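As the structure lists them, so they are numbered: ligands from 1, and atoms in each ligand from 1. Bear in mind the structure is a predicted one, so any value in this text is a computation, not a measurement.
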Amino acid sequence: MKLEFRDLKTQYKKYKNEIDIQIQEVLNSADFIGGKEVNVLEERLAEYVGVQHCITCANGTEAMTLIMMAWDIKEGDAVFVPDFTFFSTGEIVSFRGATPVFIDVDKDTFNIDSIKLESAIKDVLLQGKLKPKVIIPVDLFGLPADHFEIQRIADKYNLRVLEDAAQGFGGSINGKKAGSFGDAATTSFFPAKPLGCYGDGGAIFTNDNELAEIISSLKIHGKGDNKYNNIRIGVNSRLDTIQAAILNVKLTAFIEHELEDVNNIYEMYTEDLSNIVNTPIIPKGYVSSFAQYTIKLKNKKERDALQTNLRDEGIPSMIYYLKPMHKQEAFSDLVYSENDFEVTNQLCETVLSLPMHPYLSEQDVKKVTNVIMNFKST
Ligand SMILES: *Cc1c(COP(=O)(O)O)cnc(C)c1O
């Protein structure tokens with residue numbers, strides 16, 4: 001069978017019966033928007049993450065935008081975002097007219113560098129042009145960011161924290177789950193994320209009652225006590241019922257075995273590879289949900305050669321990310337010094353993500369590691 005980068009077909013085959021039944025039930029009830037599937041999912045997600053409120057919405061990007069709207073983030077505000085992440089994390093800041101301030105990441109965890117974060121906050125305050133408002137730590141590749149230190153910094157400078165857990169669902173630090181850090185957190189149910197649906201979907205997590213109420217209103221046209229009484233300008237951002245029904249089956253699989261399975265695969269990979277390439281570093285007390293298993297090579301030449309070699313052997317691999325945020329054309333109006341992004345610039349040239357999903361067999365892992373071992377020994 002073909003080795004997949006992320007195998008959604010095998011997962012579907014395993015759960016086909018239950019997923020088909022759940023979809024059919026939605027079709028029979030003709031309840032396509034809202035409905036009990038969405039409520040059940042929100043309750044289960046909030047319980048799993050360990051927060052008071054889970055509010056589902058259209059996707060992970062909208063989840064973050066809704067929070068930015070509720071917090072009234074606007075022109076003149078500075079929002080601190082890691083330089084090494086998916087475009088969305090910075091996009092939602094500029095979308096509000098605010099200014100994203102990109103921060104370099106840690107060379108081992110690939111997550112926002114707290115020391116550079118604090119000095120950037122000081123710089124913004126010193127320059128006095130922008131008002132520091134929010135930090136958006138990203139749980140990159142499934143590994144939670146340095147959340148306790150980030151919270152300390154946020155408290156010191158009176159900033160809000162939005163945890164972007166689009167890739168982080170299932171991860172934890174000392175048992176505290178991703179999605180429960182900061183003032184609010186978001187996740188994405190895009191099919192390839194740790195918990196994915198069969199289309200677009202997203203969710204917001206928070207313990208803040210007032211924020212939860214505002215977001216519940218914003219996501220349905222700023223509704224008041226009903227949908228035809230509109231008390232603020234909002235958007236239309238709902239998770240549809242069929243997706244919720246699918247997620248209810250997949251969440252059970254995720255909790256029962258998928259999170260454990262990807263962690264076993266991480267160990268298998270690392271056992272073979274840790275002596276020959278840089279393998280993922282998981283700090284003590286941290287659990288990753290391995291949205292990606294990402295290795296680091298010596299330089300761009302070696303990374304690109306390995307990717308070609310893997311491709312020739314029928315093994316898919318991906319480069320997350322080829323371009324740092326500060327080099328994206330959409331942000332070309334912002335002025336930076338390249339010296340501020342030493343680590344991110346280097347990562348973009350040296351990282352390579354290998355096939356990673358709960359249905360990867362030991363044989364497949366061996367196939368991948370053998371190609372890499374042969375590559376390194378020639
Ligand atoms: C996928 C992703 C998002 C956006 O999620 P969508 O559901 O695709 O909108 C945001 N941030 C990060 C880090 C992501 O990986």
>> Take a 6.0 Å sphere around CG of Asn17 and say whether it holds more than 12 heavy atoms from other residues, nucleotides or ligands.
In response: no
> On the ring face of Tyr269, is Lys367 found with NZ or CZ under 6.0 Å from the centre and within 45° of the axis?
Replying inline: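 No cation-pi geometry.
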> What is the ring orientation for Phe169 with Phe254, classed by angle as parallel under 30°, tilted 30 to 60°, or perpendicular over 60°?
Replying inline: tilted
> Can you pull the residues with any heavy atom under 4.0 Å from ligand 1?
Replying inline: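 Only Asn59, Gly60, Thr61, Met64, Thr85, Phe86, Ser88, Thr89, Val138, Asp164, Ala166, Gln167, Ser188, Lys193, Gly201 have heavy atoms that fall under 4.0 Å of ligand 1, ordered by chain and number.
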>> Please enumerate all residues that pass salt bridge (charged side-chain N to carboxylate O under 4.0 Å, His left out) together with Glu4, with sequence neighbours excluded.
In response: Lys9
> Tracing side-chain links under 4.5 Å among I, L, V, M, F, W and Y, which residues wind up in one group with Ile231?
Replying inline: none
Distance-only donor-acceptor pairs under 3.5 Å for side chains of residues 122-137, two or more places apart:
unit_1	atom_1	unit_2	atom_2	d
Lys133	NZ	Asp77	OD1	3.0
Lys133	NZ	Asp77	OD2	3.4

